[in-house]
Amino acid sequence: MEVKTSLLDNMIGVGDMVLLEPLSEDSFIANLRNRFDHNEIYTYIGSVVISMNPYRSLPIFTPEKVEEYRNRNFYELSPHIYALADEAYRSLRDQDKDQCILITGESGAGKTEASKLVMSYVAAVCGKGQEVNKVKEQLLQSNPVLEAFGNAKTVRNDNSSRFGKYMDIEFDFKGDPLGGVISNYLLEKSRVVKQPRGERNFHIFYQLLSGASDDTLKKLKLDRDFSKYNYLSLDSAAVNGLDDAANFRTVRNAMQIVGFMEDEVQSVLELVAAVLKLGNIEFKPESRCNGNDESRIKDKNDLKEMCELLGTEQTVLERAFSYRTVEAKQEKVCTTLNVAQAYYARDALAKNLYSRLFSWLVTRINESIKAAPKSRHKVMGVLDIYGFEIFEENSFEQFIINYCNEKLQQIFIELTLREEQEEYIREGIEWTNIEYFNNAIICDLIENHQNGILAMLDEECLRPGTVTDETFLDKLNTICAEHLHFESRLSKSSKFLTDHSLPHNCFRIQHYAGKVLYRAEGFVDKNNDLLYRDLSQAMYKANHSLMKQLFPEGNPAKVNLKRPPTAGFQFRHSVGTLMRNLQTKNPNYIRCIKPNDKKASHIFTDSLVCHQVRYLGLMENVRVRRAGYAFRQAYEPCLERYKMLCKRTWPHWRGPAREGVEVLMADLTVPTEEFSYGRSKVFIRNPRTLFSLEERRRQCLQDLATLIQKIYRGWKCRSHFLLLKKSQIVVAAWFRRYAQQNKYKRIKSATTVVQSYTRGWQARKLLRELKYQKRCEEAVTTISAYWHGTQARRELRRLKEEARRKHAVAVIWAYWKGLKVRREYRKFFRANAGKKIYNFTIQRIMQKYFLGLKSTMPSMSPIDKSWPVKPYLFLDGVHSDLRRIFHLWRCKKYRSEFTEEKKAVFEEKLEASEIFKDKKALYASSVSQPFIGDYLEISKNPKYQKLNSAMDEKVLLADVVNKINRANGKGTARIFLLTKNSVVLADQKTGQVKASVPLPDLTSVSVSTQSDGFFALKLKEGSASAIKGDFLLSSEHLIEIITKLHRTGATAADSEQLNIDISDEFLVQFKHDKVCVKFIQGGPKNGNSVSCKRKNNRLLEVSVPSTV
Ligand SMILES: Nc1ncnc2c1ncn2[C@@H]1O[C@H](COP(=O)(O)OP(=O)(O)O)[C@@H](O)[C@H]1O
Ligand SMILES: [Mg+2]
């Protein structure tokens, strides 16, 4: 069950100042102090949150706290900034009301921290998701960037915002953030060039110098040493607890998250560096002949580096620091600047450069975080603006700031009262007018269009002629003299003439929060905010990516002779816009107070707090709130809280809550003027009434506690007794059960023993009987086995005997039968057996013979004469037949492998053998000589080219032969050619054809039987060739020549068979004579050569050696 709590529970002091009783400034501050001492830094005034700066981190901003305050009613838990943030967020989400959170307080009071707490709370409780988280992250990360450029260390605050900030966070209908818009107000730019003692310039300068890498610094032409830069105050460069280097990294990271491009970051840093460089430019006077002083730049190095950073021409800038061009209508006047003016110009440029850069940053962030233009957005605005400032010396800035606070107070009064009134009307409560101080009159003093201070300042600034702060003050003195809140020594109102606290050059304004004395000095200048046109034009010309955006008025094409709006005017304008914006929203206030001036925790300076309470108008706030009814509460929680005070409503009230409250009030006899019944709430006029109710409730709670205690104790004792009793029964039951169980176990085991003896005895008896029975059965079996054995053996013996006898009979019968058969068949048996044995033997022998022959076969060569020895005499014929058959077969095999040429060669050889074998002795020696035919290689040999060409047929044989001369038997060498058709004889040397005989003219060839080479070619009688007679020739290749002649003659189609005549005596026809050629066996005197001799006219004798 959810525990209903209230703000009123465990309250330290009072959590809501409206309930403070008695209400006085002292009690107010005492209450704040009391709560502050107990770490309660938040206190309410109705729905306004007062926040005391604790100056230390308290454990009250944890995620658990966020969960605790999430979706809880505002007054349900002790005061917290989260309660306000939750209330604002929920009414934005659930009731569709745009919200604004107005955070005010003086510098260092914790406004910026408070705004961050609100934003982080909203970020934690609103929707989640990748896109939403990115938006949240960008919104949150815009803070470090703006703080780096817009915050500085001041005497009051180490991280003081030097600009006003208003941020609109936009949500969709579900309450998820979509984006945001940031507006900035009046950056304190004078800080860029000069800082009060103990204060620093803006953080970014220090962060850049401490945190940037050496490389980056080199690029920016900067040095890490702060002391090198005139614009950086040195006495407080290092601040305790502030790590500039780490913060620089945080800023870079944040810029990246927000969406700055790398080159944009670089450009921004370049401008920051340029401002530092600008501060180092110094001027010296130089007298001119016309007596005017002119300024010159002392050391141009810084100028040069700065120009490089900005991308401007050095000469242009140098000129802009020395001259000033004033344009009026058509005239252009150029005047020189003296040293003071040059410094003024330099500082004005630095201030403008920096403040415009800052505005550009805000615009750039807005570009990143802006929400997509969707249908309708709900908006929560967070305003973190400088608080009311009262210094010893107050100037234009304080005047502007305090004006802004006046306006905020105005809106506070308007909205708070309006809301209060609206609530009374809503609840139907009669409205009584409330007295309060309305500061509209002060706002009017400042901003009135005709005679407001700002209007007059503008008027002075724009007026021709000499304008000084004194003339401005004079004007004020005349025009505002009558105003109730304006005080000045020289005003027409004489009452201040003797007021020495009011110097002559000052004026004083009674702000709602106190009197503030302003020095008129600097008002005109600051309002003018003058930057010489030459400078803005020089800046516009710069090559830097941001310069054209920052100095648009420098564009020569758009020279505007009108003065730019004054600072005061701009501020009034933007404050006006802001106020109109805030008025459309539901306001939520956080009033920040700082407890001491030392930035220390645990110190509470009454006077300081009192001062702030006063100028924040907190007492008035409480009074306004209490003017009607101090306390209001819805009927249900009210009844729930106080129902125990009345018997009729306790413990339960069944009817409507309002009636319950009415019964309750009547029963408690609360005076009727002390409260009113609204539609949904009861309104209590006086805190005293509420506290008396609370007191009674406390009393009643004590009584109730006693009662509850009593009942509880009774209940506890009784239940203890009942428990004991119940336990006793249980214990007894358990014990009885245990005893019975034991007894039962004993009986059971005795029974088991007896039972086991009996069973044993019975079993043994049965065993004995069974054993006896078994022995008997065994004996019977043995006896019968023996008996059967005897029987079987006897039968076996008988059967064996019978079988033996049967066998004997069969053997005897077989012998007898055999005898009988042998006797009968003896005669046939012998004749058959012999033949069969013979055949068988022969078969075996033949088989053996053939198998043996198979393994001893001779080789396949036809000239291999070997043949196995015959094994059996009787196989003689077969053996030689087989040899012949085998030889024929292998010759056939051999022949079948012949090629055509080889076949022709063999055919020739065969023919030679047919002609000469056993007929001529020379033959035997020719067998082994191959027939070559063309011995002269007639077609190749060039010697015989002519001869060869004379032949029209293919030459079959060409050889050198001897032609035997008839006269002396001596031989002459001739070439012998044989073609298909003729025989040709030619001269061996010249190759000239001597004789050509067509083959048909050749009748026969004669040779001897001996081993000589002589042969005679005999010609057909009467033929053309026969005129010279026959030819007697001799050759070494006789056999071949004759064979080829024979073959060719045989194949010549129309020739007859050429006769070969072999005898040792033949006739040769020489011209007209026939000569006989006779061959004889030569004696040894002739040697080994054949010789031919002419014996007589008719005889030629050839002697052939016998052993050739
Ligand atoms: N709620 C807080 N818890 C702890 N310290 C705080 C808190 N609020 C402010 N401070 C401290 O006070 C300092 C000044 O707060 P800041 O919000 O910058 O003041 P302001 O914006 O009003 O000038 C902070 O730097 C921080 O140290
Ligand atoms: Mg601040």
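Atoms within a ligand are numbered from 1 in the order they appear, just like the ligands themselves.
- Of the heavy atoms in Arg56, only backbone atoms (N, CA, C, O) come closer than 4.0 Å to ligand 1.
- In this structure, the ring of Phe74 has its center less than 6.0 angstrom from the ring center of Tyr44.
- The shortest separation from a heavy atom of Gly105 to ligand 1 is not under 4.0 Å, leaving the residue out of contact.
- With Met255 as reference, Val251 is the one residue of Val258, Ile257, Val251 to meet the side-chain contact (heavy atoms from CB on, under 4.5 Å) rule.
- Put simply, Thr112 gets within reach of the Mg ion (ligand 2), with an N, O or S atom under 2.8 Å from it.
- Judged by the shortest distance from any of its heavy atoms, Asp158 lies outside the 4.0 Å radius around the atoms of ligand 1.
- At least one heavy atom of Ala109 lies less than 4.0 angstrom from ligand 1.
- Ser160 does not count as a contact of ligand 1, since none of its heavy atoms falls under 4.0 Å from the ligand.
- Of all protein heavy atoms, the one closest to atom 15 (O) of ligand 1 is Gly110 CA, 3.6 Å.
- Taking the ring centroids of Tyr589 and Phe412, they lie under the 6.0 Å cut-off.
- Each of the following atoms of ligand 1 lies closer than 4.0 Å to a heavy atom of Phe61: 1 (N).
- One finds a salt bridge joining Arg364 and Glu264 here, because a Lys/Arg side-chain nitrogen approaches an Asp/Glu carboxylate oxygen to under 4.0 Å.
- With salt bridges taken as basic N to acidic carboxylate O contacts below 4.0 Å, none links Arg572 and Glu447.
- Arg252 and Thr250 form no side-chain donor-acceptor contact under 3.5 Å, judged by distance and modelled atom types alone.
- When hydrogens are left out, the protein atom nearest atom 3 (N) of ligand 1 is Pro54 CG, 3.3 Å; that is the closest non-hydrogen contact.
- Annotation: Gln410, atom CD; neighbour count of heavy atoms from other residues, nucleotides and ligands within 6.0 Å is above 12.
- Using a cut-off of 4.0 Å between Lys/Arg side-chain N and Asp/Glu carboxylate O, Arg72 and Asp86 are scored as not salt-bridged.
- Among protein heavy atoms, the minimum distance from atom 23 (O) of ligand 1 is reached at Gly108 N, 2.7 Å.
- Using a 4.0 Å cut-off between heavy atoms, Glu106 contacts ligand 1 through its backbone alone, with no side-chain atom that close.
- Considering backbone and side-chain N/O atoms, Leu117 never comes within less than 3.5 Å of an N/O atom of ligand 1.
- Ring centroids of Tyr354 and Phe202 are separated by less than 6.0 Å, placing the two rings close together.
- Considering Ile103, Ile81, Ile41, Asn157 only, the shortest heavy-atom separation from atom 18 (O) of ligand 1 involves Asn157.
- When heavy-atom distances to ligand 1 are checked against a 4.0 Å cut-off, Thr112 comes that close through both its backbone and its side chain.
- Annotation for ligand 1: atoms under 4.0 Å from non-hydrogen atoms of Tyr55 are 12 (O).
- Taking atom 6 (C) of ligand 1 as the reference point, the nearest protein heavy-atom neighbour is Asn53 OD1, 3.2 Å.
- Not one N/O/S atom of Ser160, from backbone or side chain, sits under 2.8 Å from the Mg ion (ligand 2).
- Backbone and side-chain nitrogen or oxygen atoms of Ser57 are examined, and none is located within less than 3.5 angstrom of a nitrogen or oxygen of ligand 1.
- The contact set between ligand 1 and Ser107, taken as ligand atoms under 4.0 Å from a residue heavy atom, comprises 23 (O).
- For Phe248 and Tyr206, the distance between ring centers is not under 6.0 angstrom.
- Checked against a 3.5 angstrom limit, the closest N/O atoms of Glu113 and ligand 1 fall inside it.
- Side-chain N or O atoms of Thr363 include one that pairs as donor or acceptor with a backbone N or O of Ser359 at under 3.5 Å.
- Checked against the 6.0 Å centroid threshold, His80 and Phe61 count as a close aromatic pair.
- Within a 4.0 Å radius of atom 27 (O) of ligand 1, the protein contributes no heavy atom.
- Against a heavy-atom cut-off of under 4.0 Å, Asn159 is close to the following atoms of ligand 1: 18 (O).
- Aromatic ring pairs are classed by plane angle as parallel below 30°, tilted from 30° to 60° and perpendicular above 60°; the pair Phe399 and Phe523 is tilted.
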